[in-house]
**Student:** 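Following this message is one structure expressed as structure tokens.
When a ligand or atom number is given, it counts from 1 through the structure's own listing order. Reckoned from all heavy atoms, side chains included, excluding hydrogens, waters and symmetry mates. Just so it is clear, the structure is predicted and the values come from calculations on it, not from any experiment. Just so you know, residue 1 is the first one in the sequence shown, and it goes up from there.
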Amino acid sequence: MIASFSDLKNKVILVTGAGRGIGKSIALSLAAQGAHVVFNYRGDEAKATELKEELEKAGGKATGLKFDVTDYEAMTKAIDEFTKTVAPISGLVNNAGISKDTLLLRLKPDEISSILDTNLKGSMMVTQALSRNFLKAENVSIVHMSSIVGLMGNASQAAYAASKAGLIGFSKSVAKELASRNVRSNVICPGFIQTDMTDALNEKAKEEYSKVIPLGRFGTTEEVSNLTCFLLSQASSYITGETFKIDGGMYI
Ligand code: NDP
């Protein structure tokens, strides 16, 4: 079931990491509701064109901006150009992320840096790059894609969990700092969701993990997308600084 919110029609929303997985599902759902989806891509022009066409076919407008979330210069340039020449952006989904499962003992400094730079610093920089534009936009809503492990921790995911926990503190600070300008900021903490990220797990691990999920299964990208759309829309207009678990009851 795809949730639908009428005020998302024509809303201009940047979704990072929209090329696949959770981000793609969010982008498609927003497009189907008539939003103008702005997405970033890292260099594959053919894939970006394909995604743009797919989003337009779904019913929305779509614009691809070429930047990596760890490249502040390229990101600010692309975002500034879009907001000055096309339209202010009034929604942001900080979804781009990477994971690397390794015991703390084996985690290399450059692996720690790349996880923190992408998941935490990348989201902070995109939000900062858009903050001046947000002051001109209406009913701004920011959604940060954290993780259940940002709340509960996880063996072999020390850097990933730290990056995701950091997003929660960041979102609460943004919520407090920008509330007077009608900018809201909330966090989603997914549990196990079926995507490339979790496809990397072997079948036995998937079975074991499913046993500790009260609803007995991994979630779907559409389920995360429904919650994201709710938080982007005015249906959640009095909610800010909150953290939402979507994990089938895994962490109760
Ligand atoms: P995927 O691995 O399927 O997709 C990740 C997306 O992020 C890709 O589009 C990728 O782009 C993009 N990306 C990664 N690094 C960068 C970068 N430096 N700059 C720009 N884009 C980048 O991930 P999921 O869909 O599974 O996860 C999406 C988010 O949800 C992540 O933040 C993840 O941590 C979080 N999450 C996922 C869970 C799950 O079970 N799947 C559980 C909890 C949280 P490209 O295609 O170019 O590689």
Side-chain angles (χ1 to χ4, degrees), residues 14-29 37-48 50-51 54-55 64-76 78-79 92-101 110-111 113-126 129 143-154 157 159-168 170-171 187-201 205-206 209-210 212-213 215 217-225 227-228 243-248 250-251:
L14 170 61
V15 183
T16 65
R20 53 199 164 94
I22 293 172
K24 182 162 186 184
S25 182
I26 293 168
L28 279 171
S29 174
V37 180
V38 185
F39 62 91
N40 75 304
Y41 65 100
R42 294 198 274 178
D44 191 333
E45 300 287 345
K47 262 198 174 167
E50 209 178 289
L51 179 60
E54 213 176 325
L55 294 171
L65 304 180
K66 188 173 173 178
F67 68 83
D68 187 301
V69 298
T70 61
D71 182 346
Y72 188 66
E73 216 180 298
M75 172 211 304
T76 43
I79 287 176
L92 166 63
V93 185
N94 275 320
N95 167 78
I98 53 169
S99 74
K100 165 94 189 167
D101 294 3
D110 62 324
E111 289 170 338
S113 300
S114 101
I115 291 169
L116 293 177
D117 283 354
T118 307
N119 298 0
L120 179 57
K121 195 173 165 196
S123 300
M124 292 174 73
M125 292 197 306
V126 177
V143 178
H144 310 272
M145 208 53 73
S146 175
S147 164
I148 201 71
V149 306
L151 293 170
M152 59 188 261
N154 200 20
Q157 289 195 311
Y160 180 74
S163 71
K164 295 299 190 182
L167 273 181
I168 296 171
F170 175 63
S171 173
V187 171
I188 294 180
C189 291
F192 286 104
I193 309 298
Q194 294 157 16
T195 67
D196 290 350
M197 205 177 257
T198 49
D199 276 351
L201 297 167
K206 283 188 201 168
Y209 283 132
S210 294
V212 298
I213 302 171
L215 286 180
R217 61 173 176 87
F218 282 20
T220 65
T221 56
E222 287 74 23
E223 285 167 327
V224 180
S225 162
L227 175 57
T228 310
T243 302
F244 295 85
K245 290 180 284 168
I246 176 159
D247 65 348
M250 190 173 118
Y251 185 44

**Student:** Mind listing the closest non-hydrogen atom pair of Ile22 and Met145 along with its distance?
**Tutor:** CG2-CE, 4.1 Å
**Student:** Nearest to atom 37 (C) of ligand 1 by heavy atom, Ile115, Ile22, Ile193: which?
**Tutor:** Ile22
**Student:** List ligand 1 atoms under 4.0 Å from Phe192, heavy atoms only on the residue side.
**Tutor:** 40 (O)
**Student:** For atom 5 (C) of ligand 1, state which one of Gly97, Gly21, Ser25 supplies the nearest heavy atom.
**Tutor:** Gly97
**Student:** For Ser147 versus Lys164, what's the shortest heavy-atom pair and its separation?
**Tutor:** CB-CG, 3.8 Å
**Student:** What residue and heavy atom of the protein are closest to atom 23 (O) of ligand 1, and at what distance?
**Tutor:** Met197 CE, 3.8 Å
**Student:** Tell me, with the steps shown, if Val149 and Tyr160 meet side chain to side chain contact (heavy atoms under 4.5 Å, CB included).
**Tutor:** CA-CA 8 Å; Val149 306; Tyr160 180 74; 3.5 Å; yes
**Student:** Would you please determine whether Phe218 falls within less than 4.0 Å of ligand 1 on a heavy-atom basis?
**Tutor:** no
**Student:** Do me a favour and list the nearest non-hydrogen protein atom to atom 33 (C) of ligand 1 with residue, atom name and distance?
**Tutor:** Tyr160 OH, 3.5 Å
**Student:** For atom CD of Glu45, decide whether the heavy atoms of other residues, nucleotides or ligands shown that lie under 6.0 angstrom number more than 12.
**Tutor:** yes
**Student:** I'd like the name of whichever of Arg42, Gln194, Lys164 reaches closest to atom 45 (P) of ligand 1 through any heavy atom.
**Tutor:** Arg42
**Student:** Mind checking whether Thr70 has an N or O less than 3.5 Å away from an N or O of ligand 1?
**Tutor:** no
**Student:** Calculate, to the nearest 0.5 Å, the distance between atoms CD1 and SG belonging to Ile168 and Cys189 respectively.
**Tutor:** 4.0 Å
**Student:** If you have a sec, work out which protein heavy atom is nearest atom 22 (C) of ligand 1 and how many Å separate them, to one decimal?
**Tutor:** Ala96 CB, 3.6 Å
**Student:** Taking only heavy atoms of Ile98 into account, list the atoms of ligand 1 that are under 4.0 Å away from them.
**Tutor:** 14 (C), 15 (N)
**Student:** At what distance, to the nearest 0.5 angstrom, does CD of Gln157 lie from CG of Asp101?
**Tutor:** 4.5 Å
**Student:** Indicate the atoms forming the closest heavy-atom contact of Thr76 with Ala129, along with that distance.
**Tutor:** CG2-CB, 3.7 Å
**Student:** Nearest 0.5 Å, what's the NZ-CZ distance between Lys47 and Arg20?
**Tutor:** 7.0 Å
**Student:** If the cut-off is 4.0 Å to any non-hydrogen atom of Gly17, which atoms of ligand 1 fall inside it?
**Tutor:** 6 (C), 7 (O), 9 (O), 12 (C)
**Student:** Return the CZ to CG distance between Phe170 and Leu120, rounded to the nearest 0.5 Å.
**Tutor:** 8.0 Å
**Student:** List ligand 1 atoms under 4.0 Å from Gly19, heavy atoms only on the residue side.
**Tutor:** 9 (O)
**Student:** Can you tell me if Ser29 uses its side chain to pair, donor with acceptor, with the backbone of Ser25 under 3.5 Å?
**Tutor:** no
**Student:** Could you tell me, atom by atom, which parts of ligand 1 come under 4.0 Å of a heavy atom of Asn40?
**Tutor:** 20 (C), 21 (N)
**Student:** To which protein heavy atom is atom 30 (O) of ligand 1 closest, and what is the distance rounded to 0.1 Å?
**Tutor:** Met145 CG, 3.3 Å
**Student:** List the closest protein heavy-atom neighbour of atom 26 (O) of ligand 1: residue, atom name, distance to the nearest 0.1 Å.
**Tutor:** Thr195 OG1, 2.5 Å
**Student:** Look at atom 43 (C) of ligand 1 and say which protein heavy atom is nearest, naming residue and atom and giving the distance to 0.1 Å.
**Tutor:** Pro190 O, 3.3 Å
**Student:** Can you see which heavy atom on Val224 is nearest to which on Thr228, and at what distance?
**Tutor:** O-OG1, 2.7 Å
**Student:** Quick check: does any side chain N or O of Asn40 sit under 3.5 Å from a backbone N or O of Leu65, one acting as donor and the other as acceptor?
**Tutor:** no
**Student:** Please verify whether a non-hydrogen atom of Ser146 lies at under 4.0 Å from ligand 1.
**Tutor:** yes
**Student:** Has Lys100 got a side-chain atom pairing as donor or acceptor with Glu111's backbone, closer than 3.5 angstrom?
**Tutor:** no
**Student:** Has Thr16 got any heavy atom lying under 4.0 angstrom from an atom of ligand 1?
**Tutor:** no
**Student:** Hey, looking at atom 18 (N) of ligand 1, which of Leu201, Asn95, Asp68 has the closest heavy atom?
**Tutor:** Asp68
**Student:** Does Gly191 come within less than 4.0 Å of ligand 1, judged by its heavy atoms?
**Tutor:** yes
**Student:** Looking only at protein heavy atoms, identify the closest one to atom 10 (C) of ligand 1 and say how far it is in Å.
**Tutor:** Arg20 NH2, 3.8 Å
**Student:** Looking at ligand 1, does any of its N/O atoms fall within less than 3.5 Å of an N/O of Val69?
**Tutor:** yes
